[in-house]
Amino acid sequence: MSKGVLLVNLGSPKSTDPKDVKEYLDEFLMDERVIDVPYWARTLLVRGIVLNTRPKKSAAAYQKIWWEEGSPLIVLSERLQEKIDKNTSVPIALAMRYGEPSIKSGLQELHDKGVDEVLLFPLYPQFAMATTETILVLAEELRKEHFPEMQFTTMPPFYNHSDYIRVLAESIAENLKGKDFQHLLFSYHGVPERHIRKSDVTKSHCKIDGSCCQTASAAHQFCYRHQCFETTRLVAEYLELKENSYSVSFQSRLGFDPWLQPYTDRTIERFGKQGMKKLAIVTPAFVSDCLETLEEIAMEGEEIFHEVGGEEFTVVPCLNDRDDWVKVLSRWVDEWAHQKPVNA
Ligand SMILES: C=CC1=C(C)c2cc3[nH]c(cc4nc(cc5[nH]c(cc1n2)c(C)c5CCC(=O)O)C(CCC(=O)O)=C4C)c(C)c3C=C
Ligand SMILES: [Fe+2]
Ligand SMILES: [Fe+2]
């Protein structure tokens, strides 16, 4: 059998034109693993309400961060793919869950190179129904329909992998070197609390309280909240951060349902109001910088902090195509290609 890898990230609109943003948001928000309500309710909510106003607002946000080469998320993912491709012995293709290049075109590209054993590699450190799961489900549907001879292996979430923790911690240390920050905020993309309960395989463990994520359970294999806390704990341990000098928050909530808390925007505001002057922030749910890091955190977050008296707001960039990250990913790929287990 001939092996190859499909890296999969979230995706972006084709351009910052509100029409393209609307098309992208339609595909994204009509995904039953993102807005997980019955089809009729999702259609009413997304096509009847959200898509009337959101595309214009999102397009304006995209305009603030768009690069000449295109969407930062796509350009950075392409750079990562090209570097890994140069460093490994098997073909590496890139796909996006929404928009282009599609998962189907990525599988086709590998198929055209004679690949029949694919490592599906969602570019998300932590598992979530709205990210990892939706990629794997769609890839399997496409495999059955178009590439029945292909075999898939899945890269597990790497939120606690020692190589990932080391690279993330080193990146934080490097970017904050010489900066005199009072607190390091780990801001993860949020999800509705309901998603956590749905992914609970025990059906009873996840209470979303102060202790469930620290109490050992089979649920944690699919618990986004637990995995965010674990990434944070391991990085803090690596960097020897003092208790209370760091904390976790969740950003980018949409709609009126309760999402994971505390919310990042309110946390930044609270810190400023309490008199904090120097805040650093890192966003480990994203491996590539994107709208949510470049606009929501680096622009809006900073504005909130300054409005309430904060002075220095330092954002640690995502791992993007850092050399040590490329090296780790390339080694994981080669280990898989040569049949060694990829998990530590
Ligand atoms: C119900 C809505 C959403 C859930 C659940 C959700 C989970 C989720 N998303 C990411 C990563 C990214 N999301 C990005 C943008 C984005 N996310 C939502 C909604 C949900 N996300 C929307 C509507 C948008 C589009 C922009 C906007 O209108 O606000 C991005 C950035 C894309 C880019 O082009 O730069 C990323 C990345 C994760 C990791 C996650 C669950 C853990
Ligand atoms: Fe999102
Ligand atoms: Fe939990």
Side-chain angles (χ1 to χ4, degrees), residues 33-34 36 119-137 153-172 183-253 257-264 267 282-287 319 328-329 331-332 335-336 340-344:
R33 286 179 174 75
V34 175
D36 57 320
L119 175 65
L120 288 176
F121 199 138
L123 287 169
Y124 299 104
Q126 299 83 18
F127 171 91
M129 182 172 108
T131 55
T132 322
E133 187 176 297
T134 182
I135 289 172
L136 302 182
V137 169
T153 308
T154 300
M155 178 68 195
F158 45 88
Y159 67 99
N160 59 354
H161 196 297
S162 54
D163 293 334
Y164 164 69
I165 296 297
R166 187 187 68 250
V167 170
L168 179 59
E170 298 282 346
S171 160
I172 294 170
H183 193 90
L184 176 60
L185 184 62
F186 288 74
S187 174
Y188 294 85
H189 197 300
V191 295
E193 288 185 356
R194 194 180 53 248
H195 286 205
I196 301 291
R197 294 201 182 87
K198 272 197 177 167
S199 297
D200 178 357
V201 286
T202 73
K203 297 290 162 223
S204 61
H205 177 79
C206 292
K207 311 277 188 308
I208 318 186
D209 60 14
S211 65
C212 67
C213 286
Q214 282 76 39
T215 310
S217 168
H220 292 164
Q221 194 186 345
F222 301 105
C223 178
Y224 178 73
R225 185 171 177 262
H226 165 81
Q227 297 187 7
C228 294
F229 288 150
E230 275 301 281
T231 300
T232 309
R233 184 183 68 77
L234 292 166
V235 168
E237 201 174 277
Y238 188 101
L239 293 174
E240 298 180 0
L241 299 180
K242 290 198 189 83
E243 223 186 310
N244 300 325
S245 71
Y246 67 93
S247 57
V248 169
S249 62
F250 297 93
Q251 63 180 85
S252 319
R253 73 186 179 280
D257 295 326
W259 281 44
L260 292 181
Q261 293 186 40
Y263 299 137
T264 296
T267 304
V282 61
T283 51
F286 310 92
V287 298
L319 298 180
V328 160
L329 292 174
R331 184 157 47 74
W332 289 354
E335 281 172 0
W336 167 76
K340 286 187 203 137
V342 282
N343 241 359

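Along the sequence shown, residues are numbered consecutively beginning with 1. Just so we're clear, the structure is a prediction, and the values are computed from it rather than from any experiment.
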Hey, what's the ring geometry for Phe186 with Tyr246, parallel, tilted or perpendicular (30° and 60° as the breaks)?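 Perpendicular.
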Just say parallel, tilted or perpendicular for the rings of Phe158 and Tyr164, cut-offs at 30° and 60°.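 Phe158 and Tyr164: perpendicular rings.
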I need the [X] [atom1] to [Y] [atom2] distance, nearest 0.5 Å.
| X | Y | atom1 | atom2 | result |
| --- | --- | --- | --- | --- |
| Asp257 | Glu193 | CG | CD | 9.5 Å |
| Ile165 | Arg233 | CD1 | CZ | 9.0 Å |
| Tyr159 | Cys223 | OH | SG | 9.5 Å |
| Leu329 | Asp163 | CG | CG | 9.5 Å |

Look only at the side chain of [X] and the backbone of [Y], and say whether a donor-acceptor pair between them is shorter than 3.5 Å.
| X | Y | value |
| --- | --- | --- |
| Asp200 | Cys206 | yes |
| Lys198 | Met129 | no |
| Asp209 | Cys212 | yes |
| Ser217 | Ala219 | yes |
| Ser199 | Ile196 | no |
| Gln227 | His220 | yes |

Crowding at CD, Gln221 (>12 non-hydrogen neighbours, <6.0 Å):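 Open.
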In terms of heavy-atom contacts, does NZ of Lys203 have more than 12 from other residues, nucleotides or ligands at under 6.0 Å? yes
Taking the basic N atoms (NZ, or NE/NH1/NH2) and the acidic carboxylate oxygens, is any pair closer than 4.0 Å for Arg331 and Glu335?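 Here Arg331 pairs with Glu335 in a salt bridge, since their nearest N and O are under 4.0 Å apart.
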Would you tell me whether [X] and [Y] have side-chain atoms, one donor and one acceptor, within less than 3.5 Å of each other?
| X | Y | value |
| --- | --- | --- |
| Thr131 | Tyr224 | no |
| His183 | Ser247 | yes |
| Thr267 | Ser249 | no |

Knowing that exactly one of Thr264, Thr232, Thr231 qualifies, which makes a side chain to side chain donor-acceptor pair (under 3.5 Å) with Tyr188? Thr232
Do His195 and Trp259 have their ring centres less than 6.0 Å from each other? no
Would you say the side chain of Thr215 lies within less than 4.5 Å of the side chain of His205, judging by non-hydrogen atoms?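 In contact.
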